[in-house]
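Inspection log for the structure reproduced underneath, given as structure tokens.
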There are 2 protein chains.
Amino acid sequence: MFARTCPSRSALEHVTGRWGSLVLGALGPGPLRFNELRRRVDGVSQKILTQTLQALERDGFVERNLISTFPLRVEYSLTPVGASVAHRLLALFAHLEAQMPAVLDAQRRYAQRADRSPTSGDVSVGPSSG
Amino acid sequence: MFARTCPSRSALEHVTGRWGSLVLGALGPGPLRFNELRRRVDGVSQKILTQTLQALERDGFVERNLISTFPLRVEYSLTPVGASVAHRLLALFAHLEAQMPAVLDAQRRYAQRADRSPTSGDVSVGPSSG
DNA sequence: CAGCATCCTTATCGATACTG
DNA sequence: CAGTATCGATAAGGATGCTG
């Protein structure tokens with residue numbers, strides 16, 4: 001896993017990538033359609049969501065169900081393997097949220113130890129053009 | 001967590017980022033020095049490792065211990081919060097590795113459903129210039 | 001609604017040189 | 001050894017227009 005040549009590295013990158021983890025987490029409670037997913041995973045663009053879903057489908061974490069009505073409908077759901085991964089991701093999310101007070105406190109203490117200019121921290125999450 | 005404006009998103013990105021997760025996982029068993037870490041997290045450059053460690057230190061997941069000998073020595077270790085996060089990450093890693101046969105199988109089946117050209121899959125992990 | 005193709009901007013990353 | 005600073009290549013990501 002720590003080796004670059006290990007095939008699990010690419011799967012890990014899909015699962016833990018910026019969007020992969022959020023998509024898997026969003027699908028945890030149940031199936032979602034493309035735009036539902038897009039609203040849930042706030043900030044993701046159509047292109048990136050498509051890419052992410054394809055990578056996750058290729059790895060067998062996500063299943064794509066095409067419903068050929070009009071307008072077109074596509075439902076994404078977790079496979080058993082994907083669900084087991086999502087379960088652990090959601091546990092990580094919850095744990096991380098629970099630790100946020102400690103994290104924010106650590107960030108404040110870190111900012112004081114060295115004189116970082118107030119704008120140099122990475123608080124940026126992109127422009128509001130989502 | 002799924003909202004872009006939530007401060008936990010940046011922490012999540014550090015924890016689940018390409019290198020953040022591997023660094024936290026590598027520090028799980030015990031403290032490591034900079035270059036030990038660099039060897040363990042195969043493929044990471046000096047610059048990126050520095051960046052990653054600084055982000056993790058800022059969030060309070062990693063502690064940096066400077067030992068002012070000659071040559072200079074720095075030991076990185078997990079904080080209690082970092083350890084709890086790393087614990088869950090390592091569980092995820094192990095689970096992911098256990099699922100790799102299923103993942104590789106899914107990738108093969110996916111490649112057959114649509115005629116992806118054999119070289120278009122993302123197997124790239126960069127050149128061998130480590 | 002769901003997704004592809006294209007262009008273009010921006011961030012990521014790696015190689016190099018230098019400090020302590 | 002550990003880390004900073006800078007530069008150039010590359011890849012990720014966003015905006016737009018088009019298809020079914």
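Lettering of chains follows the sequences in order, A, B, ..., and the numbering in each one begins at 1.
Distances shown here put a side-chain N or O of A:R64 below 4.0 Å from the OP1 or OP2 atom of C:dG3. Between B:Y76 and D:dC1 there is no side-chain N or O to OP1 or OP2 distance below 4.0 Å. For the pair A:Q46 and D:dG13, the criterion of a side-chain N or O lying under 4.0 Å from OP1 or OP2 is not met. Residue B:W19 has no polar side-chain atom (N or O) positioned under 4.0 Å from OP1 or OP2 of C:dT12. Contact between the side-chain N/O atoms of B:R38 and the OP1/OP2 oxygens of D:dC1 is not found at any separation under 4.0 Å. For D:dC1, neither phosphate oxygen OP1 nor OP2 lies less than 4.0 angstrom from any side-chain nitrogen or oxygen of B:R33.
Residue order along DNA chain D, read from the 5' end via each residue's closest nucleotide, puts A:K47 first among A:K47 and A:L72.
A:D42 contributes a side-chain N or O that, together with a main-chain N or O of B:R4, makes up a donor-acceptor pair within less than 3.5 Å. In this structure, B:T69 contributes its side chain and B:L72 its backbone to no donor-acceptor pair below 3.5 Å.
One can place CG of B:L49 at 8 Å from P of D:dG3, the figure rounded to the nearest angstrom. In this structure, B:L32 atom CG and D:dC1 atom C1' are separated by 15 Å, rounded to whole Å. Between A:R39 atom CZ and C:dA2 atom C1' the separation is 12 Å, expressed in whole Å. The distance between atom CG of A:L66 and atom C1' of C:dG3, rounded to the nearest whole Å, is 11 Å. Rounded to whole Å, the distance from CD1 on A:I48 to P on C:dC4 is 13 Å. Distance B:F34 CZ to D:dT4 P: 9 Å, rounded to the nearest Å. Whole-Å rounding puts the A:L53 CG to D:dG13 P distance at 14 Å. What separates CZ of A:R73 from P of C:dG3 is a distance of 13 Å, to the nearest Å.
Salt bridge absent: A:E36 and A:R38 never bring a charged side-chain N and a carboxylate O closer than 4.0 Å.
Put simply, the residue from A:V85, A:T79, A:L24 that forms a side-chain contact (heavy atoms from CB on, under 4.5 Å) with A:L56 is A:L24.
At a threshold of 4.0 angstrom between heavy atoms, the contacts of B:G17 with the nucleic acid are absent.
Residue A:V74 has its side chain nearest to C:dG3 when only D:dT4, C:dG3, D:dC1 are considered.
In B:H95, the NE2 atom is crowded: over 12 heavy atoms of neighbouring residues, nucleotides or ligands sit closer than 6.0 Å.
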